[in-house]
Structure formats: structure tokens, C-alpha cells
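The residues of the chain are indexed from 1 along the displayed sequence.
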Amino acid sequence: MSAEHAAHHASGEAHGTRRDYVIGFLLSVLLTAIPFGLVMTGAISDPRWTAGIVTAMAMVQIVVHMIYFLHMNTKSESGWTLMALIFTIIIVVIVVAGSLWVMYHMNLNMMPGMASEAMEAM
């Protein structure tokens, strides 16, 4: 059985090679170890910077998983997997932004006495 034939599924769709899986695994380990090390050692004194770096590494890791393990690209399934991903991202952004907007305005529009009562309860 040739390597090219082994890289294809019975349905004819391409799958990753062992090299692709090893690269994906090593990138995933690296993208996990760096944020873990930053948080555990406290290398960066500003927690906002640490949180930003951890978030950025998480986003990069999502992309690594989609490319190396889920085999998502513009060629797979005639681009429909990429279109589904874009649609999902748009829906998630709308839900998160809407939730943040509602929470901000709910806090802003609280009755005047309620904010001090909430603080006293803590």
C-alpha cells in the first residue's frame, strides 16, 4: 500500500500524514506549555498582559487543531467546512457581543440604591 493511498480515506477524502500529526502535536504541546509557564512562574507582572498572551496562544492553538487534526481547509468538502466555521464564528461573536452589551447596560441602568446594597452584601 503506497503512502499516497494510505493518506486517503475510503470515501476519497485526504487525511493527514504521520508527519502532519506529529507537527500538530508538537505545536499543541508548545502552545500549551508557554501559557502554563507564564502563569505558573509569574514571568510577566501585569496580569492583563499575561491574560492577553494566554488568549492569543489559545486562538493559535484552535487554528492548529483545525488544520492539523480536523483537516479543515478550502479544499475539503468543496469549502463547506470552512463556510460552516465562518458562520459559527459569526454567530459566536454576535452572541458574546450581545451578552456583553446587555450586561453592561443592565449594570449601567441599575436603580441608584441597588449598587450600594450589592456592595454591602459582599
Side-chain angles (χ1 to χ4, degrees):
M1 180 183 286
S2 69
E4 182 181 330
H5 180 42
H8 285 77
H9 191 267
S11 65
E13 296 174 10
H15 285 273
T17 62
R18 180 173 292 161
R19 180 179 178 269
D20 289 338
Y21 285 117
V22 169
I23 291 171
F25 174 73
L26 292 175
L27 286 172
S28 295
V29 168
L30 185 69
L31 291 168
T32 300
I34 292 172
F36 181 79
L38 285 176
V39 170
M40 294 305 290
T41 62
I44 300 174
S45 60
D46 188 3
R48 292 175 294 185
W49 274 98
T50 304
I53 292 170
V54 169
T55 303
M57 294 282 187
M59 289 181 187
V60 172
Q61 191 166 24
I62 290 170
V63 173
V64 166
H65 281 261
M66 287 189 310
I67 291 170
Y68 287 100
F69 300 120
L70 298 177
H71 312 292
M72 293 184 77
N73 57 34
T74 55
K75 297 174 191 146
S76 62
E77 296 183 20
S78 301
W80 283 108
T81 55
L82 185 63
M83 293 299 290
L85 173 68
I86 291 169
F87 177 73
T88 302
I89 289 171
I90 290 170
I91 296 299
V92 168
V93 166
I94 290 171
V95 168
V96 169
S99 298
L100 291 172
W101 183 80
V102 166
M103 288 188 286
Y104 172 78
H105 283 88
M106 289 292 290
N107 187 37
L108 188 67
N109 295 323
M110 282 178 65
M111 291 175 52
M114 293 183 70
S116 60
E117 291 174 13
M119 293 303 288
E120 291 173 2
M122 289 186 186

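- Leu85 is not connected to Val95 by any chain of hydrophobic side-chain contacts under 4.5 Å among Ile, Leu, Val, Met, Phe, Trp and Tyr, and they are in different clusters.
- Contact annotation: the side chain of Leu30 never approaches that of Leu26 to less than 4.5 Å [non-hydrogen atoms, C-beta and beyond].
- Ile94 and Leu100 fall into different hydrophobic clusters, defined by Ile, Leu, Val, Met, Phe, Trp and Tyr side-chain heavy atoms under 4.5 Å apart, directly or through other members.
- In this structure, Tyr68 OH and Gln61 CD are separated by 13.0 Å, a value rounded to the nearest 0.5 Å.
- Here CD1 of Ile23 is found 7.0 Å from OG1 of Thr17. Values are rounded to the nearest 0.5 Å.
- Counting only heavy atoms from C-beta outward, the side chains of Val29 and Phe25 approach each other to under 4.5 Å.
- Ring planes of Tyr21 and Phe69: parallel class, angle under 30° (limits at 30 and 60°).
- Ile44 contributes atom CD1, which lies 3.5 Å from atom CD1 of Ile53 (distance to the nearest 0.5 angstrom).
- The OG1 atom of Thr81 sits 9.5 Å away from atom CD1 of Ile86, with the distance rounded to the nearest 0.5 Å.
- Residues Ile67 and Leu70 fall within the same hydrophobic cluster, defined by Ile, Leu, Val, Met, Phe, Trp and Tyr side chains chained together at heavy-atom separations under 4.5 Å.
- Both Met66 and Ile89 are members of a single hydrophobic cluster when ILVMFWY side chains are connected at heavy-atom separations under 4.5 Å.
- Residues Val96 and Tyr104 do not share a hydrophobic cluster, defined by chaining ILVMFWY side chains whose heavy atoms lie under 4.5 Å apart.
- Across Val64 and Gly24, no two heavy atoms sit closer than the pair CG1-O, 3.9 Å.
- A distance of 10.5 Å separates OG1 in Thr32 from CG in Leu27, rounded to the nearest 0.5 Å.
- Remark: Met59 CE to Leu31 CG distance equals 13.0 Å, nearest 0.5 Å.
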